[in-house]
S.K.: 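I am attaching a structure below and will ask some questions about it afterwards.
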Amino acid sequence: MDEQPRLMHSHGVGMAGHPGLAQHMQDGTAGTDGEGRKQDIGDILQQIMTITDQSLDEAQARKHALNCHRMKPALFNVLCEIKEKTVLSIRGAQEEEPPDPQLMRLDNMLLAEGVAGPEKGGGSAAAAAAAAATGGVGADNSAEHSDYRAKLSQIRQIYHTELEKYEQACNEFTTHVMNLLREQSRTRPISPKEIERMVSIIHRKFSSIQMQLKQSTCEAVMILRSRFLDARRKRRNFNKQATEILNEYFYSHLSNPYPSEEAKEELAKKCGITVSQLFVAVSNWFGNKRIRYKKNIGKFQEEANMYAARTAVNATSVSAHGSQANSPSTPNSAGEIQSLVLFSFRLTGGLSSP
DNA sequence: CATAATGATTTCCC
DNA sequence: GGGAAATCATTATG
């Protein structure tokens with residue numbers, strides 16, 4: 001914004017020292033008194049230079065007076081001449097401005113978080129994932145989700161109103177400056193290129209302000225996000241149903257209780273934990289379960305029998321004969337006993353160390 | 001309120 | 001990078 005006065009100023013100064021001025025003056029009017037002319041010119045220049053110190057009304061009046069001054073066309077010519085000399089340097093100075101990588105990063109982030117994207121519907125990726133997790137067994141933390149979403153949309157709303165405000169201010173200012181330039185073009189030569197340049201300068205300035213807005217919005221989102229994740233990092237016990245699902249898998253795969261990625265995903269879905277960040281909960285569960293089971297198989301025997309019996313019942317209800325499965329001391333089906341033995345064997349290092 | 005249970009994190013290893 | 005083991009931290013329980 002300080003570019004504009006500087007532009008005017010530099011012209012003023014350059015003009016004062018212009019060697020061709022006197023010549024133009026001479027051309028403009030026939031006169032005999034050279035000293036008087038110089039005095040005259042000095043006056044005009046003085047008036048131009050000090051016009052910014054005056055009140056608006058005064059300046060307006062003086063502007064009009066200067067505009068009607070007999071020497072105005074001559075001055076204008078001089079200015080045109082100066083312009084022709086300086087325009088090259090102006091053209092070289094500007095041009096090319098590669099898209100700011102920082103700005104792009106912010107934009108991408110805001111888009112990814114759903115702050116900058118289309119209104120609602122899909123919303124943020126995180127919010128969508130969170131919403132997905134509200135289905136199924138893990139519906140107990142929906143309060144956190146709605147809280148998160150509410151805060152996010154609040155941020156989003158602030159961001160958009162601010163952005164709109166900036167946009168509007170930018171447009172207003174641009175038209176204002178353009179009007180000013182148009183007005184000034186009556187007294188000094190202004191090329192379309194210059195106006196263009198001015199506009200781009202204004203836009204750059206405003207986009208730097210916008211960048212600050214984006215920056216702070218990003219920060220806010222990050223803070224919200226980290227708080228949200230922190231809150232979820234706090235321990236949250238699986239509910240009964242989820243534990244049963246996990247246990248069922250664990251004990252029916254005792255020989256190899258290492259669910260594949262797909263199996264884990266499936267289990268996570270069944271247990272109602274869909275948020276990608278919490279997908280590891282299943283892995284954690286199995287990690288903990290394996291180590292704790294191995295540490296004290298006896299303690300888990302009852303549990304193991306229970307789940308084994310359950311799957312055995314399921315199996316026998318399909319395959320007519322269930323004679324062995326009913327023994328109270330060995331409720332496991334043959335397959336489960338085998339699994340258990342194999343797993344124990346494996347855990348005690350039976351395979352690797354003789 | 002002490003203790004057990006249990007989910008999460010860290011460290012180390014392959 | 002994934003798993004085992006140890007450990008931390010929170011939640012459930014009596």
Side-chain angles (χ1 to χ4, degrees), chain A residues 112 124-149 151 221-311 331-332 336-354:
Chain A
S124 105
T134 53
V137 186
D140 50 0
N141 39 30
S142 59
E144 287 172 35
H145 293 148
S146 61
D147 195 39
Y148 177 80
R149 294 178 70 173
K151 292 215 170 106
V221 171
M222 288 321 274
I223 289 168
L224 175 66
R225 194 171 235 269
S226 72
R227 275 217 200 112
F228 180 69
L229 288 177
D230 269 355
R232 320 197 92 243
R233 194 177 323 190
K234 277 194 174 176
R235 208 186 102 185
R236 181 123 237 180
N237 285 2
F238 286 135
N239 59 35
K240 211 154 183 273
Q241 202 180 337
T243 315
E244 283 200 5
I245 290 166
L246 294 171
N247 270 322
E248 209 165 282
Y249 186 97
F250 181 79
Y251 287 111
S252 62
H253 296 76
L254 255 190
S255 62
N256 186 32
Y258 300 84
S260 64
E261 290 300 300
E262 294 80 41
K264 280 185 204 169
E265 204 167 334
E266 177 72 22
L267 286 167
K269 208 188 288 178
K270 272 192 193 168
C271 295
I273 33 179
T274 328
V275 182
S276 57
Q277 274 97 346
L278 283 192
F279 170 74
V280 289
V282 173
S283 300
N284 283 338
W285 191 91
F286 273 91
N288 285 321
K289 189 75 184 179
R290 279 193 298 264
I291 200 79
R292 282 161 187 165
Y293 179 83
K294 176 189 162 182
K295 236 176 181 172
N296 191 351
I297 295 179
K299 198 171 79 182
F300 289 92
Q301 196 57 54
E302 201 181 328
E303 192 178 73
N305 291 344
M306 199 185 93
Y307 282 99
R310 190 178 304 183
T311 52
N332 296 331
E336 283 317 306
I337 292 171
Q338 191 187 9
S339 288
L340 209 150
V341 170
L342 278 173
F343 181 46
S344 302
F345 186 65
R346 204 182 105 88
L347 287 176
T348 49
L351 283 171
S352 45
S353 49

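Naming convention: chains lettered A, B, ... in sequence-line order (proteins, then strands); numbering from 1 in each chain.
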S.K.: Got A/Y258 and A/R290 here, is their nearest side-chain heavy-atom distance under 4.5 Å?
M.R.: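 The answer is yes, as the side chains (C-beta and beyond) meet within the 4.5 Å cut-off.
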S.K.: Any chance you could encode DNA chain C as dot-bracket? Rule is Watson-Crick or G-U wobble with both distances under 3.5 Å; [ ] for pairs crossing earlier ones, | for another strand.
M.R.: ||||||||||||||
S.K.: Reckon A/K264 touches a base, only the sugar-phosphate, or nothing at all at heavy-atom distances under 4.0 Å?
M.R.: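 Sugar-phosphate, no base atom in range.
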S.K.: Taking the minimum atom-to-atom distance to the side chain of A/K299, which one of C/dA5, C/dG3, B/dA5 wins?
M.R.: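 For the A/K299 side chain, the nearest candidate turns out to be B/dA5.
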S.K.: Salt-bridge test for A/K270 and A/E248: reply yes if a basic N is under 4.0 Å from a carboxylate O, no otherwise.
M.R.: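 Looking at A/E248 together with A/K270, the answer is no, because their closest N to O distance does not fall below 4.0 Å.
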S.K.: Where the side chain of A/N284 is concerned, which of B/dG7, C/dG3, B/dT9 is the nearest nucleotide?
M.R.: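 So the side chain of A/N284 is nearest to B/dT9.
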S.K.: Could you grab the distance from atom SG of A/C271 to atom CD of A/E244, nearest 0.5 Å is fine?
M.R.: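 Between atom SG of A/C271 and atom CD of A/E244 there are 10.5 Å.
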S.K.: Can you label the angle between the A/W285 ring and the A/F250 ring as parallel, tilted or perpendicular, going by 30° and 60°?
M.R.: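 A/W285 and A/F250: perpendicular rings.
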S.K.: Taking OP1 and OP2 of B/dT6, is either one under 4.0 Å from a side-chain nitrogen or oxygen of A/Y293?
M.R.: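 False: A/Y293 side-chain N/O out of range (4.0 Å or more) of B/dT6 OP1/OP2.
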S.K.: In whole Å, I'd like the distance from the CH2 atom of A/W285 to the P atom of B/dA5.
M.R.: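 The distance from CH2 of A/W285 to P of B/dA5 comes to 15 Å, rounded to the nearest Å.
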S.K.: CG/A/N247 to CZ/A/F238 distance, rounded to the nearest 0.5 angstrom?
M.R.: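 Atom-to-atom, A/N247:CG and A/F238:CZ are 11.0 Å apart.
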S.K.: Please check the phosphate of B/dT6 (OP1 and OP2 only) for any side-chain N or O of A/K289 closer than 4.0 Å.
M.R.: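 No, because none of the side-chain N or O atoms of A/K289 sits under 4.0 Å from OP1 or OP2 of B/dT6.
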S.K.: Output the rounded distance in Å from CZ (A/F250) to P (C/dG3).
M.R.: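 Those two atoms, CZ and P, are 13 Å apart.
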S.K.: Measuring from atom CD1 of A/I245 to atom NZ of A/K269, what distance do you get when rounded to the nearest 0.5 angstrom?
M.R.: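 Output value for this atom pair is 13.0 Å.
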S.K.: Would you say that A/Y293 contacts A/Y251 through its side chain, given a criterion of any heavy-atom pair below 4.5 Å between the two side chains?
M.R.: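 With C-beta onward as the side chain, the pair touches.
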S.K.: How long is the line joining OH of A/Y258 and P of B/dC14, in whole Å?
M.R.: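 Taking atom P of B/dC14 as the reference, OH of A/Y258 is at 16 Å.
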S.K.: Please state how far atom CD in A/E303 lies from atom P in B/dA5, giving the value in whole angstrom units.
M.R.: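 Value for this atom pair: 11 Å.
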S.K.: Can you find a pair of side-chain heavy atoms, one from A/K289 and one from A/L246, that are under 4.5 Å apart?
M.R.: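 In short, these two side chains do not touch, never coming nearer than 4.5 Å.
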S.K.: Which whole-number value in Å describes the distance from A/I291 CD1 to B/dA5 C1'?
M.R.: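 It is 16 Å, rounded to the nearest whole Å.
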S.K.: Can you build the contact string for nucleotides 7-12 of chain C? Use B for base contact, S for sugar-phosphate-only contact, and - for no protein heavy atom under 4.0 Å.
M.R.: B-BBBS
S.K.: Name all residues meeting the ring pair (Phe, Tyr, Trp, His ring centres under 6.0 Å) criterion together with A/Y249; count only those two or more places apart in sequence or in a different chain, and write none if there are none.
M.R.: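 Checked A/Y249 against ring pair (Phe, Tyr, Trp, His ring centres under 6.0 Å); matches are A/H253, A/F286.
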